[in-house]
Structure formats: structure tokens, C-alpha cells
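Every value quoted in this text rests on a predicted model; they were computed, and no experiment measured them. Any value given below was found using the heavy atoms of this structure, including those in side chains, with hydrogens, waters and symmetry copies removed. The first residue in the sequence is number 1, and the count goes up from there.
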Amino acid sequence: MSHEPSTALTRIQPSDQHTHSWKLLRTLAGAHQGWVRAVTVDQVTNDWFVTGSSDSTIKIWDLASSELKSTITGHIMGVRALVVSKKFPYLFSGSEDKTLRCWDLEKSNAVEGCQIKNFHGHVGGIYALSLHPQLDVVLSGGRDAVVRIWDIRATKEITLLSGHKSDITSIESFDNDPQVVTSSMDGTIRLWDLRKQSTELCITQHSKSIRSMVAHPLETTFTSGDSNGNIKQWLLPKGELLNNFEKSDREGIINTLSINPITNTLFSGYDDGSIEFYDYISGKLLQSGQAPALPGADGAAVYASTFDMSGLRLITCAGDKSIKIWG
């Protein structure tokens, strides 16, 4: 089995836990007509995944076959954030058109479309979404630097969290305190008290803007990556710094982070198309390489990523309008 040099990934650190390297299995070229900016996997069945693009469409794909199941239209600008409900057959999408929309996935192929709710209130593009694990609320944030919290049933804004000075890039919500953690282009992470709608803690240990932050699904830790290529791991509820991840020689802009809880692997995708895999526990760099850009593409930036629920596959979305499946 031969690999072209551009797709080869370098093994850095042999480890008992990680006896296998990640390899590119499949490239869905021309998956969208624009940059692919968002991805999420259905966490109930693990049978399908959803992508959002700067071409303003949302697409649903079969995870096993990579076949396109449905194309959802309605946004009038790029789709930047997606989240699927575990309770209802709902998909939520945030867009540069300043709207948060809810789609009924049971009607995803209906002639009349499947949009059932439209949440208005943001005065800038929406870049981050989170569904609260217990409350029937969805949280959204983006260019207007506030987090808006919406009642899913009533389609109305309940409250907002303000304090960040620039674009909100990631939102994570939890059952226990702090119920909300956010990252921003202002270089800070905020831990919020939902009841008081106030900041419990503002973490200022990143020196550059933070474009991605991700919580570990099985433990009370999260990681954040900045535009200098620094990755830091934090412990909740107090936000103590646990680890600075090992750095490669590059100082790249991190656009996306994903955690594989099965193998405790952290994936990091960069603006220049570089990709890295880390041991989540030790912070050691295990593997690094380059996501190959398709011929004629105006960039290979890795914008979004997610592991599937089995931990066997990684999906990355790029500036070359492709979706890549790794295994």
C-alpha cells in the first residue's frame, strides 16, 4: 500500500497506548461549493454526520459510505456552527447571516424544507453553538462578542452573557458548575455562572487569540488552542492549568481541536493545512503531517474536525472544499 508523500504523516513518539498511526482513508472532493467550516456527528446512532459551508448549505452524509443523504438550504450566508440534539431529531445551525436556525431532521428531504425555528437577535455572524446537557436551551456566540441563551421551545432569548471583548469562538456547556465555558479571539477563556449571568473566572494565560476550545466528554478537563500554536489543558471547575502540550517547530494558527475519548487522543488542525495528534494525558506530540490540498485549491486550511463515537474515524473539513476521512 503506497502513500503519496503529501499524505504521509510522521510518527513522532512511540507509545504503548498508540500503536497505530492515523492515515487518510478517503477524500470527498467537491463536497461543498465553498470552504467547509463546520462538522458534527450524530451522537445517538453514529450513522451520519453533518457539514456546513461558506456556500450557505448544510449537508448530511452517511458515515459508513460517505454518500450524501440530504442537502439543507435556507441560510443566506456561510454556515459556521452545527450541533445535533440528543433528545430531539433537531439540528441547530449558526451562520454569518446572524441567524440561528433549527431543522427537523425527520423532514430533511421534504419538499417544503425542514426548518422549524429561526432565532433572531445576534448582530453579527454566529461562530459557536452548544446545547445544554440538561436544560432545553441552546447557546450561541460569535462576532458580537456575547453568548445568547435561547429557550428551544419558545424560540426566545432568555438571557445573555457579556464580557468578552471580541468574537466568541467556542462554547461548552455542562451539567454542573461552571455551566458554561467560552473562548474568544480576545485571547481569554471565561467560566460563567448561568444563574447570575456573570463571569466566575477569566483565564488570561493565552497570549494570542483562541480559535478553538474543546471539552473532554468523559472527564472534567478541556483544552484550548491559540493562533501561536499553543495548546493548553485545563481542569474544571476552577480552571487550573493542567498542562502545556508539546509544541512542534511551527507556530501555526489552530482552527480546530477534537478529542477522541476512546484512545485519549487530541487532534489539532491548522490554518496552513498542518495536522497533529497528541496524547491527551501526557500532552506529547504523537504524529504530525499535512492534510493534502486538492489541485487548484486556494488553501488547505483545516477549519473543522470531529472524531466519530467509536473513536475509529476522524472527519476533517477544509478550505479546499473537501471533507477528509481518517482512520
Side-chain angles (χ1 to χ4, degrees), residues 1-31 35-39 41 49 51 63 66 211-214 223-233 243-308 310-327:
M1 194 172 155
S2 67
H3 285 285
E4 293 173 31
S6 62
T7 67
L9 290 166
T10 316
R11 269 271 326 129
I12 309 278
Q13 181 80 25
S15 152
D16 297 332
Q17 274 180 288
H18 302 266
T19 50
H20 303 290
S21 301
W22 287 86
K23 295 182 179 68
L24 181 60
L25 302 179
R26 192 181 298 150
T27 299
L28 310 185
W35 296 350
V36 191
R37 299 299 302 256
V39 62
V41 168
F49 67 95
T51 54
L63 187 59
S66 302
R211 295 201 188 182
S212 187
M213 172 193 73
V214 63
T223 53
S224 51
D226 66 26
S227 53
N228 258 353
N230 295 305
I231 299 172
K232 296 176 186 286
Q233 185 186 64
N243 204 353
N244 282 301
F245 278 46
E246 188 183 329
K247 265 185 87 165
S248 59
D249 303 334
R250 279 175 312 90
E251 287 204 349
I253 296 169
I254 295 172
N255 283 333
T256 177
L257 295 170
S258 290
I259 294 170
N260 183 339
I262 313 294
T263 59
N264 266 322
T265 306
L266 177 81
F267 169 79
S268 174
Y270 292 78
D271 211 44
D272 63 1
S274 302
I275 56 174
E276 291 176 345
F277 296 86
Y278 292 87
D279 182 314
Y280 188 79
I281 308 299
S282 68
K284 283 201 180 339
L285 180 61
L286 298 168
Q287 203 180 337
S288 69
Q290 195 77 15
L294 295 175
D298 58 355
V302 181
Y303 284 121
S305 62
T306 186
F307 287 98
D308 79 334
S310 71
L312 297 175
R313 280 166 293 200
L314 168 74
I315 303 162
T316 61
C317 301
D320 63 3
K321 308 176 187 174
S322 79
I323 299 165
K324 296 181 179 76
I325 316 278
W326 308 76

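- Residues satisfying the side chain to side chain contact (heavy atoms under 4.5 Å, CB included) test with L25, not counting sequence neighbours, are none.
- Between L257 and L266, some side-chain heavy-atom pair lies under the 4.5 Å cut-off.
- At a threshold of 4.5 Å between non-hydrogen side-chain atoms, the residues I231 and S268 count as touching.
- When atom types are taken as modelled, the side chain of T256 and the backbone of S305 share a donor-acceptor pair closer than 3.5 angstrom.
- Panel note: side chain S282, backbone K284; a donor-acceptor pair is recorded below 3.5 Å.
- Using modelled atom types and a 3.5 Å distance limit, the side chains of S322 and K324 yield a donor-acceptor pair.
- When side chains are defined from C-beta on, F267 counts as touching I275, because their heavy atoms get closer than 4.5 Å.
- Within a 6.0 Å sphere centred on NZ of K232, other residues, nucleotides and ligands contribute more than 12 heavy atoms.
- Contact check for L286 versus Y278: no side-chain heavy atoms found under the 4.5 Å cut-off.
- Looking only at side-chain heavy atoms (C-beta outward), K247 and N230 come within less than 4.5 Å of each other.
- Applying the side chain to side chain contact (heavy atoms under 4.5 Å, CB included) test to A31 and every residue at least two apart in sequence or in another chain returns L28, W61, I323.
- Within the model, atoms CG of N264 and OH of Y280 stand 8.0 Å from one another, a figure rounded to the nearest 0.5 Å.
- For the residue pair Y270/E276, the side-chain donor-acceptor check at 3.5 Å is satisfied.
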Contacts under 3.5 angstrom, residues 311-319 side chains, donor-acceptor by atom type, not counting sequence neighbours:
| unit_1 | atom_1 | unit_2 | atom_2 | d |
| --- | --- | --- | --- | --- |
| R313 | NE | D308 | OD2 | 3.3 |
| R313 | NH2 | D308 | OD2 | 3.2 |
| T316 | OG1 | W326 | NE1 | 2.9 |

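- For D271, the side chain to side chain contact (heavy atoms under 4.5 Å, CB included) test picks out R211, I253, N255, A301, Y303, with sequence neighbours left out.
- Between W22 and F277, the angle of the ring planes stays under 30°, which puts this pair in the parallel group of the 30/60° scheme.
- In this structure, the separation between CD1 on I254 and CE on M213 is 14.0 Å, given to the nearest 0.5 Å.
- When the salt bridge (Lys or Arg N to Asp or Glu O under 4.0 Å) test is applied to D226, no partner is found at least two apart in sequence or on another chain.
- Remark: N243 engages Q233, F245 in a side chain to side chain contact (heavy atoms under 4.5 Å, CB included) (not counting sequence neighbours).
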